[in-house]
There are 2 protein chains.
Amino acid sequence: MSKKEALLKAAEDKVRLGGYNNFSFREIANEVGIKSASVHYHFPTKADLGAELAHQYTNAFLNALGDVDEIKANNENPIDVYTQLFRNALLTDNKMCLCGLLGAQNESLPDKVRLEVKRFFDLNLAWLEQAHSANGESEPSHAAILTVSLLEGAMMISKALNDHSYFKLATK
Amino acid sequence: MSKKEALLKAAEDKVRLGGYNNFSFREIANEVGIKSASVHYHFPTKADLGAELAHQYTNAFLNALGDVDEIKANNENPIDVYTQLFRNALLTDNKMCLCGLLGAQNESLPDKVRLEVKRFFDLNLAWLEQAHSANGESEPSHAAILTVSLLEGAMMISKALNDHSYFKLATK
DNA sequence: TTTAAAGTATCTATCAGTAGATAGTTATAT
DNA sequence: ATATAACTATCTACTGATAGATACTTTAAA
């Protein structure tokens with residue numbers, strides 16, 4: 001893993017625990033074994049780092065979801081796949097969804113970060129709409145909104161209560 | 001409004017926009033017209049301020065909700081009342097739910113703040129369980145979890161997309 | 001094929017600004 | 001007189017950011 005990738009990973013862990021202000025160049029530099037000034041070589045500003053972090057997170061998330069048609073072709077329910085990905089993010093990493101937390105902080109984010117967070121939800125809603133449509137839902141667009149809202153909310157409250165069983169109950 | 005109340009109000013606005021790290025003693029002191037050192041007279045530490053903020057927010061929220069039995073006696077649906085309170089918080093104030101945002105940041109909060117955030121959701125779930133029970137739901141506890149998760153998630157994503165119509169769609 | 005230039009990745013040193021917090025002082029009001 | 005609510009002054013720690021130097025690697029030109 002390159003230093004740049006390591007910096008992004010270190011930042012991701014901290015942001016997913018406490019939001020955009022929960023990491024500093026010094027902290028993540030220490031963790032990967034360079035000086036804070038050197039972080040600016042890879043990311044001119046903190047906003048640049050935050051934006052790239054959200055962008056890559058979104059790409060990785062959508063990549064992990066895969067293609068709706070392929071899922072259907074395997075006789076699987078894409079909504080179950082989606083739910084499972086959220087569940088893993090919470091249970092395995094024991095952390096919030098990066099873009100969920102950043103989204104809640106929207107108004108205090110730099111513009112370029114805000115834009116990437118919006119991209120995450122736009123793409124998620126598009127994927128879910130396609131999924132519900134493939135499932136024969138009568139209102140796929142509305143169902144998509146309900147799905148992502150419920151999952152993000154359940155995740156948030158599971159963290160607030162520090163109780164993973166909450167998420168399981170909310171998504172069963 | 002006393003200085004102390006004004007400090008809490010100023011802090012609340014900032015926290016609801018960007019989380020616990022989104023306000024400083026200096027900022028809120030300037031806003032109410034005192035010096036940052038004087039804030040420590042009212043709140044020994046920032047954690048004390050945060051905890052009292054979340055506590056009062058919770059009390060005000062539950063007070064605004066009112067009593068389930070009285071709502072039912074007026075032939076109103078308490079779940080509609082609950083939804084409407086969330087909607088107003090978002091549409092009128094144009095801000096996130098304080099405890100929703102803090103809950104997502106859970107791991108980076110001081111202990112006493114974390115405790116108050118947990119109290120918010122515990123009390124919300126109890127109120128909703130009673131409400132769903134009064135509505136004759138077969139699984140009031142489960143319904144309560146779904147209700148608060150959906151509303152918090154819809155609120156979060158409305159902020160992320162900067163689009164209030166999203167919340168309306170999610171809650172119709 | 002050697003040389004020159006450019007790019008990569010880091011360093012040290014430093015900056016102005018802000019953070020929360022403390023000690024000790026002063027004014028005001030009961 | 002005492003408690004309340006503010007003040008001034010100051011502290012240490014941390015923030016993101018910049019300047020300038022160094023070593024190493026890669027590319028391009030003579």
Side-chain angles (χ1 to χ4, degrees), chain A residues 1-56 101-102 105 107-116, chain B residues 1-56 98 101-102 105 107-117:
Chain A
M1 185 160 57
S2 73
K3 293 283 185 189
K4 182 170 181 176
E5 290 167 331
L7 287 167
L8 284 170
K9 184 81 197 79
E12 180 186 327
D13 287 345
K14 293 182 188 305
V15 174
R16 287 179 64 187
L17 290 177
Y20 185 73
N21 304 315
N22 202 231
F23 79 97
S24 73
F25 274 31
R26 267 173 185 70
E27 280 177 321
I28 60 172
N30 282 344
E31 283 189 27
V32 311
I34 62 173
K35 298 296 168 181
S36 86
S38 307
V39 180
H40 288 278
Y41 170 76
H42 301 284
F43 308 100
T45 68
K46 187 174 179 176
D48 290 314
L49 195 163
E52 189 158 335
L53 182 58
H55 191 85
Q56 292 196 12
L101 218 176
L102 290 179
Q105 294 194 290
E107 324 250 1
S108 68
L109 296 178
D111 284 346
K112 55 172 63 175
V113 180
R114 213 196 320 261
L115 225 65
E116 292 296 337
Chain B
M1 185 160 58
S2 74
K3 294 285 186 188
K4 182 171 181 175
E5 290 167 330
L7 287 168
L8 284 170
K9 183 82 196 78
E12 179 187 329
D13 287 345
K14 293 182 189 303
V15 174
R16 288 180 63 188
L17 290 177
Y20 184 72
N21 304 316
N22 201 230
F23 79 97
S24 72
F25 275 31
R26 270 175 183 71
E27 280 177 321
I28 61 172
N30 283 343
E31 283 188 26
V32 312
I34 64 173
K35 298 295 170 182
S36 87
S38 306
V39 180
H40 289 278
Y41 170 75
H42 301 284
F43 308 99
T45 69
K46 186 174 179 177
D48 290 315
L49 196 163
E52 189 158 336
L53 182 59
H55 192 86
Q56 292 196 11
L98 181 98
L101 218 174
L102 290 179
Q105 295 193 291
E107 324 250 1
S108 67
L109 296 178
D111 284 347
K112 55 171 63 176
V113 179
R114 214 195 319 260
L115 226 65
E116 291 296 337
V117 174

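Remember, it's a predicted structure, so these values are computed and weren't measured experimentally. First the proteins, then the strands, lettered A, B, ... as listed; each starts at 1.
At a threshold of 4.5 Å between non-hydrogen side-chain atoms, the residues A:L101 and A:R16 do not count as touching. Using a 4.5 Å cut-off on side-chain heavy atoms (C-beta onward), B:E52 and B:D48 make no contact. Annotation: side chain of B:E116 is not in contact with side chain of B:L102 (no heavy-atom distance under 4.5 Å).
Residue A:Y41 contributes atom OH, which lies 19 Å from atom P of D:dT22 at whole-angstrom precision. Here D:dT15 presents its P atom at 11 Å from CD1 of A:I28, a figure rounded to the nearest Å. Atom CD1 of B:I34 and atom P of D:dA6 are 5 Å apart (whole Å). Straight-line distance from the CG atom of B:L7 to the C1' atom of D:dA5: 12 Å, rounded to whole Å.
Of all heavy-atom pairs spanning B:G50 and B:Y20, the tightest one is CA-CE1, 4.2 Å. Of all the heavy atoms in A:A11 and A:L49, the pair that sits closest is CB-CD2, 3.8 Å.
If you run side-chain contact (heavy atoms from CB on, under 4.5 Å) between A:E12 and each of A:L17, A:L7, A:L53, only A:L53 comes through.
A cation-pi contact, defined as under 6.0 Å to the ring centre and within 45° of the axis, links A:K4 to A:F43.
A heavy atom lying under 4.0 Å from DNA chain C marks none of the residues of residues 10-22 of chain A.
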Identify every side-chain donor-acceptor pair in residues 27-35 of chain B under 3.5 Å, counting partners at least two apart or on other chains, and give the distances.
unit_1	atom_1	unit_2	atom_2	d
B:E27	OE1	B:S24	N	3.2
B:E31	OE2	B:K14	NZ	2.7

How would you summarise protein contacts on nucleotides 13-30 of chain C per nucleotide, using B for base, S for sugar-phosphate only and - for none, with heavy-atom distances below 4.0 Å? B-----BBBB--------
